[in-house]
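Read the structure below first, then the notes.
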Amino acid sequence: MGRRRGRAVDGILTVDKPAGQTSNQTLRRVSGWLDARKAGHTGNLDPLATGLLVMCFGEATKISGWLLDADKAYVATVRLGVVTDSADADGTPLDERPVPAVDAGDLESVLARFRGPIEQVPPMVSALKHQGRRLHELAREGRTVERAPRPVTIHSLTGEWIEADRLRLTVSCSKGTYIRSLAADIGEALGCGAHIETLRRTALGPFDGDGMWTLDALEQRYQSGSGALDACLLPADRGLRGYPAVTLPSGESARFCQGQAVALAADETAPTGLCRVYAEAEGFLGMGERAGDRGVAPRRLLVQRRPHG
């Protein structure tokens with residue numbers, strides 16, 4: 001059996017993805033600098049987009065599913081009056097229409113229609129599959145297929161005029177929301193069509209973008225020697241700060257890590273659902289869920305041991 005490639009690197013890295021690269025290209029570059037054996041990201045950004053890309057390495061990949069399901073926030077520049085086949089500036093223009101005069105009140109009335117639970121038709125240029133093939137593959141062949149609307153939630157949406165034909169949208173939304181589709185639909189509601197010119201993700205789950213690393217800064221650390229990049233990694237539980245935390249009674253961590261439910265101490269608040277689980281000696285053990293009246297059972301265990309706080 002051959003030697004497994006890469007190091008057992010554990011942790012989370014928040015990276016400011018540059019425009020012109022796919023999320024996977026950015027991940028491969030950083031993973032190569034870290035020489036990480038296992039890596040993944042927690043939500044794709046289009047090549048045109050910039051901003052927060054949360055990368056998980058090693059044991060931290062076990063919590064990536066919770067981050068994929070997390071809410072996200074974006075700031076987008078929207079060009080009105082021009083419709084493209086991808087709903088962004090990388091696409092081919094399909095239609096051009098005059099932009100009507102819209103005052104602040106009219107704009108607010110339109111934006112209000114898109115707040116809250118809505119249904120959204122995914123764009124053809126997306127990674128969703130149709131009969132086993134990615135939609136963007138079909139789009140490159142000039143094919144268009146029916147896409148079923150998908151429910152998403154727009155938690156907040158504001159817009160301000162930048163120029164007569166450009167809007168800046170600030171959006172907080174649920175997973176699965178396509179900002180390109182949102183911009184295109186707003187453009188249609190305004191009567192002129194629209195596409196995204198720039199898009200920047202500013203938040204994902206518990207991460208608000210503060211402390212993101214640029215690729216230039218990470219490359220400098222990589223060139224400075226071993227250990228400099230490792231110091232940039234955050235512990236896995238940093239990505240789960242939205243969940244309550246419990247600490248197991250002394251001596252119960254072994255039973256918990258063997259898959260058994262453990263009763264909490266009388267002074268420990270029992271969770272109502274999912275929770276982060278810690279032990280005083282070992283630190284973060286993984287995710288658990290309520291079991292019975294006063295217990296917690298393992299949901300996803302991590303080999304990694306990180307102190308909480």
Side-chain angles (χ1 to χ4, degrees), residues 6-15 27 30-31 34 36-43 52-73 174-175 203-213 227-309:
R7 299 188 300 136
V9 178
D10 298 322
I12 292 174
L13 197 59
T14 58
V15 176
L27 174 65
V30 175
S31 182
L34 279 165
R37 183 179 300 165
K38 188 176 183 181
H41 63 71
T42 61
L52 179 60
L53 186 64
V54 180
M55 300 180 180
C56 294
F57 299 93
E59 288 294 295
T61 60
K62 293 179 178 179
I63 64 103
S64 61
W66 283 284
L67 289 171
L68 284 167
D69 289 343
D71 292 339
K72 300 168 179 65
S174 67
K175 71 168 184 175
L204 188 158
F207 300 105
D208 61 6
D210 286 347
M212 282 188 295
W213 292 91
L229 270 182
D230 289 12
C232 302
L233 293 168
L234 302 171
D237 59 338
R238 190 68 63 86
L240 301 166
R241 288 296 175 94
Y243 294 92
V246 299
T247 300
L248 300 182
S250 178
E252 293 283 21
S253 60
R255 291 182 62 234
F256 183 83
C257 291
Q258 290 168 1
Q260 301 179 50
V262 172
L264 296 173
D267 60 351
E268 184 76 39
T269 301
T272 57
L274 291 172
C275 60
R276 293 173 286 142
V277 180
Y278 298 87
E280 291 184 1
E282 296 91 344
F284 181 54
L285 300 177
M287 290 294 286
E289 58 188 345
R290 184 164 183 152
D293 293 335
R294 295 286 310 160
V296 60
R299 177 73 174 269
R300 194 71 162 108
L301 295 170
L302 275 67
V303 174
Q304 173 186 359
R305 304 294 181 242
R306 298 279 188 178
H308 68 294

Which atom pair, heavy atoms only, marks the closest approach of [X] to [Y]?
X      : Y      : answer
Gly239 : Ile63  : CA-CD1, 4.4 Å
Leu204 : Ala70  : CD2-CB, 4.3 Å
Leu302 : Ala236 : CD2-CB, 3.7 Å
Leu67  : Cys56  : CD1-SG, 4.2 Å
Ser64  : Thr42  : CB-CG2, 3.9 Å
Pro206 : Leu240 : CG-N, 4.4 Å

Has Arg290 got a side-chain atom pairing as donor or acceptor with Gly292's backbone, closer than 3.5 angstrom?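 Present.
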
Give a yes or no on whether the backbone of Leu68 and the side-chain of Lys72 come within a donor-acceptor separation of less than 3.5 Å.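 Pair found, side chain donor or acceptor close to backbone of Leu68.
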
Donor-acceptor contacts, no H, no angles, side chain residues 263-270, under 3.5 Å, sequence neighbours left out:
from: Glu268; atom 1: OE2; to: Thr247; atom 2: N; distance (Å): 3.4

Do [X] and [Y] come close enough that some side-chain heavy atom pair is under 4.5 Å?
X      : Y      : value
Leu285 : Leu248 : yes
Arg7   : Asp230 : yes
Met287 : Leu274 : yes

Could you label the plane-to-plane angle of the Tyr243 and Trp66 rings as parallel, tilted or perpendicular, counting under 30° as parallel and over 60° as perpendicular?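 It falls in the perpendicular class, over 60°.
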
If the condition is salt bridge (charged side-chain N to carboxylate O under 4.0 Å, His left out), which residues does Arg294 pass it with, not counting sequence neighbours?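 With sequence neighbours excluded, Arg294 shows a salt bridge (charged side-chain N to carboxylate O under 4.0 Å, His left out) to no residue whatsoever.
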
Qualifying residue, where the test is side-chain contact (heavy atoms from CB on, under 4.5 Å) with Phe207 and the options are Arg241, Met212, Arg238: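 Result: among Arg241, Met212, Arg238, Arg238 is the only option passing the side-chain contact (heavy atoms from CB on, under 4.5 Å) with Phe207.
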
Which residue is it: Asp10, Val9, Thr61? I am looking for the one with a side-chain contact (heavy atoms from CB on, under 4.5 Å) to Lys38.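 With Lys38 as partner, side-chain contact (heavy atoms from CB on, under 4.5 Å) holds for just one option, Thr61.
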
